[in-house]
Number of protein chains: 2
Amino acid sequence: MTYGRPREFDIDCALEAATQQFWSTGYEATSLQDLLQSMSLSKSSLYQTFGNKHELFIRCLGYYQQTMVDELNIKLANSISSRQFLYDFLDDVISESKNSSSNNGIKKGCFLVNTANELCQRDTSIAEAVATGTANVAKVFRRAIEQGKKPQEIDTRWTTDSLVDYLITSISGLRTMVKAGTEKKSLKPVIDLVMMTLFINER
Amino acid sequence: MTYGRPREFDIDCALEAATQQFWSTGYEATSLQDLLQSMSLSKSSLYQTFGNKHELFIRCLGYYQQTMVDELNIKLANSISSRQFLYDFLDDVISESKNSSSNNGIKKGCFLVNTANELCQRDTSIAEAVATGTANVAKVFRRAIEQGKKPQEIDTRWTTDSLVDYLITSISGLRTMVKAGTEKKSLKPVIDLVMMTLFINER
DNA sequence: ATGATTTAGGACTGATTGGTCCATAAATAG
DNA sequence: CTATTTATGGACCAATCAGTCCTAAATCAT
């Protein structure tokens, strides 16, 4: 590519903006107008660079997933213990929720969970993207759970895979509770129960 | 109302059809055309009887919630034990999921959970309807949990309210997992873990 | 029968949807 | 300075959206 007028925007920057937009308002409720505005792009640039709304959305899913996995890996590496890492993550999840004092507004939740709920049943290509995304996230949690267990504490009744599924289920459930408006103080005991269950022998 | 041309359709029947439609495809993705077709109504009849799409949706939420609570109460009354009732319910939730043999298609999930995920953040009136709906459902689960515990088995570390929140969180999470395409055999251990946690002292 | 009253059907509306197309601008290669 | 290539802006498009309105049909009261 030696010819032609140079692109006036940064692709990653635009992708980041699009991801934020889709993350905030979902797929259907995000109009092209919304995207153009938040990405600061002209319509032709968007279509030329990203194909169409659907393709852009899938790229955003990949971008989000990669960013999230990288972030989680860093947090896991820097955490005092992997149990603390898991607890902190759960606490982050419910920290979006209504506080008794302040009702801060927007709860974006997790882009992957949101998309699973909005689109997975009626769009197979998006369902695939969500599946690979959650699988990659699950890998991090799997390591955290494995590392968190001391050898003598392994409970053979439950495989690590089952515990990972349990954790992801709990996270997804918490996300929904937060969106439904449940207060943080109600969800705190829930994450205690989840942590207790993850490390069964260590009560 | 003694005058006038008689209504040619049954209101409850139309409401039932609308509920099924909204339940299947959500609020935004359900067009008025879809509604008219599944309700077998003319546009004027719908607007005259139900006001508009938004009002109709809220009526559907109420209808669904009432139906669900009634159904749960009957099941709880007829079940061998309330623990069995809870287990059966969780098993119902994941029975919608992909079976290893057959990939049966549509997973409607729970109308209230779906709506919480789709609309609760940007529509306060719908958020209220969801809140009262889940509160009513929670009451049934609360009774089930209380009845399921024999007096000597009460664990004072967790209030019944916390256990109810935990249960609803788990149910919501399972709904998302099912929608995301997780296989049933992966979710079975998860509900075992949830049941174990609900009845902590009885392992 | 006739007038009152309500329902039903469907034409119509303005706004918005995602997407296309074309003329113009901006850069490089020769 | 010209030809080539790509990017941009915006006019334009058909389809669809929720919602309105008017006419015709159907029933009841008199």
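For clarity, every value in this text was computed on a predicted model and none was experimentally measured. Throughout, a chain's letter reflects where its sequence line sits, starting with A, and its residues are numbered from 1.
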Subject >> Interatomic distance, Y47(B) OH vs dA11(C) C1' [rounded to whole Å] >> reply: 15 Å

**OP:** Identify whether any heavy atom of Q48(A) sits under 4.0 Å from a base atom; if not, whether one sits that close to sugar-phosphate; answer base, sugar-phosphate or nothing.
**Re:** base

**OP:** Using whole Å, report how far CE of M39(A) lies from P of dG18(C).
**Re:** 13 Å

Original post:
Rounded to whole angstroms, how far apart are CG on D34(B) and C1' on dT16(D)?
Top reply: 11 Å

Original post:
L41(A) has an atom CG; how far is it from atom P of dG9(D), in whole Å?
Top reply: 8 Å

Original post:
Which pair of heavy atoms, one from Q121(A) and one from K179(B), lies closest together, and at what distance?
Top reply: NE2-CD, 3.4 Å

Original post:
What nucleic acid atoms does T30(A) come within less than 4.0 Å of, heavy atoms only: base, sugar-phosphate, or nothing?
Top reply: sugar-phosphate

**OP:** Go through dG19(D), dT20(C), dC17(D) for me and flag the one nearest to the S31(B) side chain.
**Re:** dC17(D)

Original post:
Given dA18(D), is OP1 or OP2 found less than 4.0 Å from the side-chain N or O atoms of K53(B)?
Top reply: yes

**OP:** Quickly work out the L35(A) CG to dG19(C) C1' distance and round it to whole Å.
**Re:** 13 Å

**OP:** Would you indicate which nucleotide in dG19(C), dA18(D), dA7(D) comes nearest to any side-chain atom of R7(A)?
**Re:** dA7(D)

Subject >> Toward the 5' end of DNA chain C, by each residue's nearest nucleotide, S44(A) or Q33(A) >> reply: Q33(A)

Subject >> Nucleotide dG19(C), atom P - distance to CZ of F57(A) in whole Å >> reply: 14 Å

**OP:** Classify the angle between the aromatic ring planes of F111(A) and F22(A) as parallel (below 30°), tilted (30 to 60°) or perpendicular (above 60°).
**Re:** parallel

Original post:
What integer distance in Å separates K43(B):NZ from dA18(D):C1'?
Top reply: 7 Å

Subject >> Electrostatic pair R142(A)-E146(A), nearest N-O below 4.0 angstrom >> reply: yes

Subject >> Pi-cation contact, F9(A) with R7(A) (under 6.0 Å, within 45°) >> reply: yes

**OP:** Give a yes/no answer on whether the side chain of S42(A) brings an N or O atom under 4.0 Å of OP1 or OP2 in dT8(D).
**Re:** no

Subject >> For atom CG of N52(A) and atom C1' of dT17(C), their distance in whole Å >> reply: 14 Å

Original post:
Are R59(A) and E16(A) ion-paired here, with the side-chain N under 4.0 Å from a carboxylate O?
Top reply: no

Original post:
Want to settle it: does S45(B) or H54(A) sit nearer the 5' end of DNA chain C, counting the closest nucleotide to each?
Top reply: S45(B)

